[in-house]
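Structure first, then comments.
Within every chain, numbering begins at 1; the chains are lettered A, B, ... in the order of the sequence lines, protein sequences first and strands thereafter.
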Number of protein chains: 2
Amino acid sequence: MELESLFNYIKKFITLSDAECDVIADHVKLRDYLKHQFIVQQGDVCKYESFIVSGCAKTFFLDTEGNEHVVSLAIENWWAADLGSFISREPSDYNVQCLENCRVVQFSYEALEQLYEKIPQMERFFRLIMQNAYVAAQKRVLRNHSLPAKERYLIFRKQYPNIEQRVPQYLIASYLGITKQFLSKIRAEIILEG
Amino acid sequence: MELESLFNYIKKFITLSDAECDVIADHVKLRDYLKHQFIVQQGDVCKYESFIVSGCAKTFFLDTEGNEHVVSLAIENWWAADLGSFISREPSDYNVQCLENCRVVQFSYEALEQLYEKIPQMERFFRLIMQNAYVAAQKRVLRNHSLPAKERYLIFRKQYPNIEQRVPQYLIASYLGITKQFLSKIRAEIILEG
DNA sequence: AAAGGGTGTTCAACTAGATTAACAAGATCA
DNA sequence: TGATCTTGTTAATCTAGTTGAACACCCTTT
């Protein structure tokens, strides 16, 4: 079934009966987006937490000079959303745009609140997800302070081995917080070093 | 009572009966640390999530060259821990050291697991805490990429108006990801501009 | 077949911020 | 009382990373 990958993902954190899976299925929407379409747009309230079943998306924002800043890159089994906007119900600072055709499972705010009531384990599931996300974000802050761009790039390559063939390098550069020219230079060095 | 500030903090997110407060009280330890003492040490497993009742602490790590990198600064009603180590039970990458005498409320891993069972609402509480922490960390990643040091410093001052008088500037510089000399330069500029 | 957009590279000039070192002013403590 | 430690400043030099422009290499689309 279409939701199988979502259920498998959730089952890594909590146990789910078939009946509970059915309840979840009743509370989510399956939706397809085309490449270049926006799952979330800067200025709109982020209405869904979207779990990516297939495809690939970037989360970014435009600063006052119109420069694009990539916050995160997401592929299968990742979440795409502006969580800050989703939980506060305030306009989003970010865009989430598809880099490939995407199939996503969407949880609305109301659906999630209902799920927390009907399946209390879901509260635990999202706690665990958020814990992990927080730890990862913290480590990223740290690496950005303490490591030069080249090492950050090498870590990125280990951490996301699949993503590099799928998304253009100028987006990876932006994610790493450097310019595409400098990333190009780093890559040339790495190739020379073997 | 000593735990009142913790309960008030929790009650901002969920409702707690007096009986539930008593259960929580049975599962936590109140502990005092002196200035300069370590709540967590790099290399040890982080055994507690510590809620600061009074005092002030820095979370930092030493890189391979022995340079100190401040990850976060915490005052009253904040948490101090290496969450990554706490949840994975692996040695911590960070130190948490008191900048003033500190009184903290500590949750051990086992106590927390028991609390989640006895007071399911606590699962929700920590989900909400983690969500907020994650959103804040994400915003910090972003600001570090897209804003110059001066603006990051000004935002820091707005966000933590109390902390600046309590902790030395070289720690604030490290938290911002710049050197103390450069922070000094920025401060001189800001004073000139009025 | 040509024209155009999206992507990656190279190179020169430039700048934000690092590094090193020297100095001043309080603390702290014998 | 002086001595040492901690903290903040200033200034010179240095470097990681930026900016901008030019060029090459695909893909599409017409």
[X] has a side chain; which of [options] sits nearest to it?
X	options	value
B:T179	C:dT19, D:dG17, C:dT10	C:dT19
A:R187	C:dT9, C:dT7, D:dG8	C:dT9
A:Y170	D:dG17, C:dG8, D:dG8	C:dG8
A:P148	C:dA18, D:dG17, C:dG8	D:dG17
A:K185	C:dT10, D:dG8, D:dG17	D:dG17

Please report, rounded to the nearest Å, how far the [atom2] atom of [N] is from the [atom1] atom of [X].
X	N	atom1	atom2	answer
A:F182	C:dA12	CZ	P	17 Å
A:L183	D:dT18	CG	C1'	14 Å
A:K180	D:dG20	NZ	C1'	10 Å
A:R166	C:dG6	CZ	P	21 Å
A:L176	D:dA16	CG	C1'	15 Å
B:I178	C:dA16	CD1	C1'	11 Å
A:I190	C:dT9	CD1	C1'	15 Å
A:I186	D:dT15	CD1	C1'	14 Å

Checklist entry - Between B:R124 and A:E117, is the closest basic N to carboxylate O distance under 4.0 Å? => result no
Item to check | Residues B:W79, B:F86; criterion ring pair (Phe, Tyr, Trp, His ring centres under 6.0 Å); working and verdict | outcome: CA-CA 13 Å; B:W79 295 87; B:F86 181 81; 9.5 Å; no
Item to check | Ring-face cation contact, B:Y175 with B:R140, 6.0 Å cut, 45° max | outcome: yes
Checklist entry - With under 30° as parallel and over 60° as perpendicular, where do the rings of A:F60 and A:F38 fit, or are they tilted in between? => result tilted
Checklist entry - Any idea how B:F51 and B:Y9 line up, ring-wise: parallel (<30°), tilted (30 to 60°), or perpendicular (>60°)? => result tilted
Next on the checklist: Please determine whether any donor N or O and acceptor N or O are separated by less than 3.5 Å between the side chain of B:Q181 and the base of C:dT20.
Outcome noted: yes
